Structure formats: structure tokens, C-alpha cells
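Reading through the C-alpha cells given below for one structure.
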Amino acid sequence: MRIPVINRSHHPLPSYQTAHAAGMDVRANLAEPITLKPLQRALVPTGLFMEIPVGYEVQVRPRSGLAYKHGISIVNSPGTIDADYRGELKVLLVNLSAEDFIVQDGKRIAQLVVARHETAEWEPATELTETERGTGGYGSTGTK
């Protein structure tokens with residue numbers, strides 16, 4: 001699959017780091033570093049603009065290394081970039097640690113996963129088919 005992309009950063013395009021990776025690392029595009037204090041969030045620009053094919057989305061997900069080593073995550077994870085969006089990709093980072101974290105220009109801040117999706121139509125109903133689980137919600141499975 002080929003996705004048209006405009007790269008207004010001075011960094012390479014997002015890329016897979018291993019042969020079988022699902023996500024491509026994306027980098028911060030900053031004129032100056034951003035300091036994220038504990039529990040602070042910031043919208044971090046990437047300099048990327050893309051034309052995602054209809055029927056697909058690009059999911060923006062946290063990088064496991066940043067989450068584990070520094071407590072850095074994405075507030076709306078996974079974020080979704082829709083096929084009709086043409087603005088700059090920005091990543092909404094949050095610092096969940098107790099220490100400041102500095103986002104430097106070029107830092108790999110998230111990963112992008114291209115995913116196919118369906119468009120659904122709601123079908124009004126008055127009843128639903130029964131299942132073994134039924135209406136059991138949070139924490140209800142595996143308790144019988």
C-alpha cells in the first residue's frame with residue numbers, strides 16, 4: 001500500500017524498525033525542546049501531512065520503550081487519523097511519571113499503524129440474541 005505524504009520536517013519518514021513490525025516510528029518536529037512536567041500533556045508536531053485511502057485509518061499509539069522507561073504515553077490512545085483529514089499529524093503526549101521529560105527534536109515519540117476499517121450502519125432493534133455472557137460487564141468473564 002502506498003500513502004501520499006508531505007514531509008515538512010527535516011527527519012526521515014516514519015519507518016518500520018524491524019522486518020515484521022506493525023507500527024512505524026514517527027518523530028517530533030520541534031524548533032525547540034518541549035519539557036513535559038509530571039501529568040502534563042502537550043501536542044507535539046511531526047511535520048507530516050498524509051492522504052490516507054478511504055476505508056483505512058492510521059492509528060497513533062504509544063511507544064513501549066517510552067512508556068516503560070519514562071512513563072510517556074498518548075492521552076487518546078490509540079488516536080485515529082481519518083481518511084479525510086489533511087492537517088498536520090500531531091501527537092498528544094502525556095507524562096505519567098513523577099519526573100520531567102524533555103521531548104527533543106527528532107525523538108521517536110509514537111508509532112503509526114495503518115488499519116483497514118468498516119463503515120457501519122445502526123439497525124434499530126427491540127431485542128438482541130442471547131449469549132453465555134449476557135449482560136456481564138467489567139470483570140465478569142472467567143468468574144464462574
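As the structure is a computational prediction, the values presented were derived from the model and not from experiment. FYI, the numbering just counts along the sequence from 1.
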CD-CD distance between Glu123 and Glu121, expressed to the nearest 0.5 angstrom: 9.0 Å
Spatial distance of atom CD1 (Ile81) from atom CG (Leu112) [nearest 0.5 Å]: 6.0 Å
CA sep, side-chain torsions, deciding dist, call: His10, Asn29, side chain to side chain contact (heavy atoms under 4.5 Å, CB included): CA-CA 8 Å; His10 53 275; Asn29 183 47; 3.9 Å; yes
Val94/Ile74 under side chain to side chain contact (heavy atoms under 4.5 Å, CB included): CA gap, chis, key distance, verdict: CA-CA 6 Å; Val94 63; Ile74 296 175; over 6 Å; no
Residue among Asn7, Leu89, Val114 satisfying side-chain contact (heavy atoms from CB on, under 4.5 Å) with Met50: Leu89
Rounded distance [0.5 Å steps], CG in Leu93 versus CD1 in Ile34: 8.0 Å
Cluster overlap Leu39 with Val91, hydrophobic side-chain contacts below 4.5 Å: no
Same cluster (ILVMFWY, side-chain, under 4.5 Å), Ile6 and Val44: no
Ile109 with Val75, same ILVMFWY side-chain cluster at under 4.5 Å: no
Co-membership, hydrophobic cluster, residues Tyr16 and Val26, 4.5 Å side-chain: yes
Leu36 versus Arg41, closest heavy-atom pair with distance: CD2-C, 3.7 Å
Flag if over 12 foreign heavy atoms under 6.0 Å of CZ, Arg86: yes
Pairwise distance OH(Tyr85) to CD1(Ile52) - rounded to 0.5 angstrom: 10.0 Å
Asn95 side chain vs Ser97 backbone, donor-acceptor pair below 3.5 Å: yes
Stepwise side chain to side chain contact (heavy atoms under 4.5 Å, CB included) test for Phe49 and Val5: CA-CA 6 Å; Phe49 301 75; Val5 61; over 6 Å; no
Closest approach of Ala28 to Asp105 (non-hydrogen atoms, all atoms of both residues): O-OD1, 3.4 Å
Heavy-atom closest contact (Ala110 atom, Val60 atom, distance): CB-CG1, 4.0 Å
Residue pair Gln111 / Gln17, side-chain heavy-atom distance below 4.5 Å: no
Leu43 side, atom CG; Glu88 side, atom CD - distance, nearest 0.5 Å: 8.5 Å
Note, Arg61 side chain near Val113 side chain (heavy atom, < 4.5 Å): yes
Validation row: Pro45, Leu30 side chains within 4.5 angstrom (heavy atoms): yes
Side chain to side chain contact (heavy atoms under 4.5 Å, CB included) between Lys37 and Phe101, worked out: CA-CA 6 Å; Lys37 298 199 173 298; Phe101 179 79; over 6 Å; no
Residue pair Pro33 / Val103, side-chain heavy-atom distance below 4.5 Å: no
Separation between CE of Met1 and CZ of Arg116, rounded to the nearest 0.5 Å: 6.5 Å
Heavy-atom closest pair, residues His11 and Arg27: CB-CD, 3.9 Å
Smallest separation among heavy atoms of Pro124 and Trp122, with atom names: CD-O, 3.6 Å
Same cluster (ILVMFWY, side-chain, under 4.5 Å), Leu66 and Leu92: no
Minimum heavy-atom distance between Asp25 and Arg63, given as atom pair plus value: OD1-NE, 3.4 Å
